[in-house]
Student: 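Starting off with a structure, shown below.
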2 protein chains.
Amino acid sequence: MSESSLGGCMEISEKNQSFVYHFGEMGSKWGFNRTVGQMYALLVISENALSANDLASALSISRGNVSMGIKELQSWQLVQVKHIPGDRKEYYSAIGSVWDMANTVFEERRKREVDPTLSVLRNLLLEAPQDESEVYAQQRMQDIHDLLEMVTSWAAELQRLSPEQLGTLMKLGAGVSKILSVKQQLFSKSKDQD
Amino acid sequence: MSESSLGGCMEISEKNQSFVYHFGEMGSKWGFNRTVGQMYALLVISENALSANDLASALSISRGNVSMGIKELQSWQLVQVKHIPGDRKEYYSAIGSVWDMANTVFEERRKREVDPTLSVLRNLLLEAPQDESEVYAQQRMQDIHDLLEMVTSWAAELQRLSPEQLGTLMKLGAGVSKILSVKQQLFSKSKDQD
DNA sequence: ACGAACTTTCAGACATTTCTGAAAGTTTAG
DNA sequence: CTAAACTTTCAGAAATGTCTGAAAGTTCGT
């Protein structure tokens with residue numbers, strides 16, 4: 001049994017402390033609450049998996065709170081459970097690389113925020129406008145719908161690229177517009193077919 | 001004076017109602033609260049600028065609440081004030097196209113969420129790690145830092161493109177990886193210079 | 001089947017955010 | 001300057017969100 005799994009100690013260095021706190025604040029702007037953000041931050045910077053008690057004592061929060069937080073993080077697919085042979089506790093650690101995390105967070109946010117919005121918009125756009133003001137309103141809704149669809153499919157596309165390709169694309173930076181014009185020249189014959 | 005500016009009436013059609021409500025809920029996940037989201041949604045789908053009283057009566061919220069909400073939307077640079085000659089009231093309308101809105105929201109969120117995080121990370125990365133566990137922690141922080149910087153500069157790049165170029169890029173979809181490989185062939189001599 | 005070691009749940013305490021409405025502030029016309 | 005027509009502010013009420021800790025649930029070894 002690791003000594004850190006007994007309640008009340010499990011300290012974090014001052015530096016890691018401020019990282020964890022900052023991500024607590026940020027996390028609360030990203031769909032989960034402060035303590036969930038802190039738990040995740042702590043898991044990310046911890047090389048070894050931590051038990052629920054470790055988390056509770058490191059962050060000075062209740063055991064119950066940790067349990068709810070873990071559940072939330074699991075629903076975001078951000079943590080995994082590990083079992084250590086001969087130890088009955090569950091140990092948690094952050095899933096994957098930073099790229100994987102970013103992917104997961106974007107994916108989840110899309111599912112939770114963009115998809116329902118698209119669905120609402122599609123329903124509203126199916127019905128014919130009843131009067132002048134609804135014509136204008138529907139145009140704006142159509143704009144938003146088109147934008148969201150475009151961004152969604154583009155994001156799906158990016159997720160299909162390998163991390164290396166993504167890196168290349170991103171490092172391209174200012175080069176994007178050059179590439180675009182090259183593309184136009186190469187494929188200009190197919191310009192009206194999307 | 002428009003008839004809709006007298007308190008208590010200013011109704012929205014059922015369809016627009018559900019758009020406005022949905023965006024209220026969504027808005028609250030995007031950094032502003034429910035009523036601010038509703039106010040913005042209503043402004044977006046309204047062809048004519050609305051007075052504060054119009055907003056209050058359409059959404060059944062207090063006049064004071066509208067005042068605060070408008071202030072918030074202005075800090076996000078999402079609404080503009082219009083004056084109608086011979087009318088002392090202020091009228092508000094949503095700024096720009098849907099693309100502009102999306103740009104603005106991303107930009108603001110970057111300023112409020114990503115930039116402070118980058119700054120915290122940079123400070124933490126300046127100091128040398130004190131022990132084994134801090135070495136690992138700093139590596140993770142470095143990963144996050146690099147990712148955020150890359151995404152930030154890429155986003156800045158995208159903002160510099162014209163809406164048409166953006167459209168081309170997005171419609172490219174599955175073609176991105178092909179273009180990337182073409183690019184590699186064309187410019188492979190400059191591969192380690194970014 | 002029992003108890004030890006753990007995890008989950010949830011009612012209610014506590015904390016934070018949002019909203020209202022009355023009062024104070026501002027601007028303009030006369 | 002004054003009154004009318006508006007806007008802003010802000011104290012406290014209402015609503016919402018979070019956390020704790022005790023109790024209930026689960027799992028495993030014997």
Student: Just to verify, what does Q139(B) make a side-chain contact (heavy atoms from CB on, under 4.5 Å) with, not counting sequence neighbours?
Tutor: V135(B), Y136(B)
Student: In whole angstrom, what separates E25(B)'s CD from dT16(D)'s P?
Tutor: 10 Å
Student: Looking only at heavy atoms, which two atoms of L147(A) and A102(B) are closest? And how far apart?
Tutor: CD2-CB, 3.7 Å
Student: Take the protein atom CG of D54(B) and the nucleotide atom P of dC6(D), then report the distance between them rounded to whole Å.
Tutor: 11 Å
Student: It should be established whether T35(A) places a side-chain nitrogen or oxygen under 4.0 Å from OP1 or OP2 of nucleotide dT18(D).
Tutor: no
Student: Could you check how far CZ of F32(A) sits from C1' of dG17(D), rounded to whole Å?
Tutor: 16 Å
Student: Counting side-chain heavy atoms from CB outward, which of dT9(D), dC19(D), dT9(C) is closest to K71(A)?
Tutor: dT9(C)
Student: Please assess R109(A) against V114(A) for the test side-chain contact (heavy atoms from CB on, under 4.5 Å), listing each intermediate value before the final yes or no.
Tutor: CA-CA 7 Å; R109(A) 282 180 71 91; V114(A) 180; over 6 Å; no
Student: Return the value, rounded to whole Å, for the distance between atom CD of E72(A) and atom P of dT8(C).
Tutor: 14 Å
Student: Expressed in angstrom and rounded to an integer, what is the separation of H83(A) atom NE2 from dT7(C) atom P?
Tutor: 9 Å
Student: Taking atom P of dG25(D) as reference, at what distance in whole Å does atom CE of M68(A) sit?
Tutor: 17 Å
Student: When every nucleotide of nucleotides 21-30 of chain C is labelled 5' to 3' by its protein contacts under 4.0 Å (heavy atoms), B for base, S for sugar-phosphate only, - for none, what sequence of letters results?
Tutor: B-----BBS-
Student: Any pair with a residue in residues 59-69 of chain A that passes side chain to side chain donor-acceptor pair (under 3.5 Å), sequence neighbours left out, goes on the list, sorted by first then second residue, please.
Tutor: N53(A)-R63(A)
Student: Could you check how far NZ of K89(A) sits from P of dC28(D), rounded to whole Å?
Tutor: 15 Å
Student: For I84(B) and dA5(D), give me the distance from atom CD1 to atom P, rounded to whole Å.
Tutor: 17 Å
Student: Using a 3.5 Å cut-off and no angle test, enumerate the donor-acceptor pairs between side-chain atoms of residues 69-76 of chain A and protein atoms at least two apart in sequence or in another chain.
Tutor:
residue	atom	partner	partner atom	Å
E72(A)	OE2	W76(A)	NE1	3.2
S75(A)	OG	E72(A)	O	2.8
S75(A)	OG	R112(A)	NH2	3.3

Student: Across the strands shown, which category fits I61(B) at heavy-atom distances under 4.0 angstrom: base, sugar-phosphate, nothing?
Tutor: sugar-phosphate
Student: Check whether any side-chain nitrogen or oxygen of N33(A) sits under 4.0 Å from OP1 or OP2 of dC19(D), and answer yes or no.
Tutor: yes
Student: For residues 39-47 of chain A, which side-chain N or O atoms pair as donor and acceptor with protein atoms under 3.5 Å away, sequence neighbours left out?
Tutor:
residue	atom	partner	partner atom	Å
S46(A)	OG	L42(A)	O	2.6

Student: Considering heavy-atom distances to DNA chain C, does E90(A) or R34(A) have its closest nucleotide positioned more toward the 5' end?
Tutor: E90(A)
Student: Listed by chain and number, what are the side-chain contact (heavy atoms from CB on, under 4.5 Å) partners of S97(A), not counting sequence neighbours?
Tutor: W99(A), D100(A)
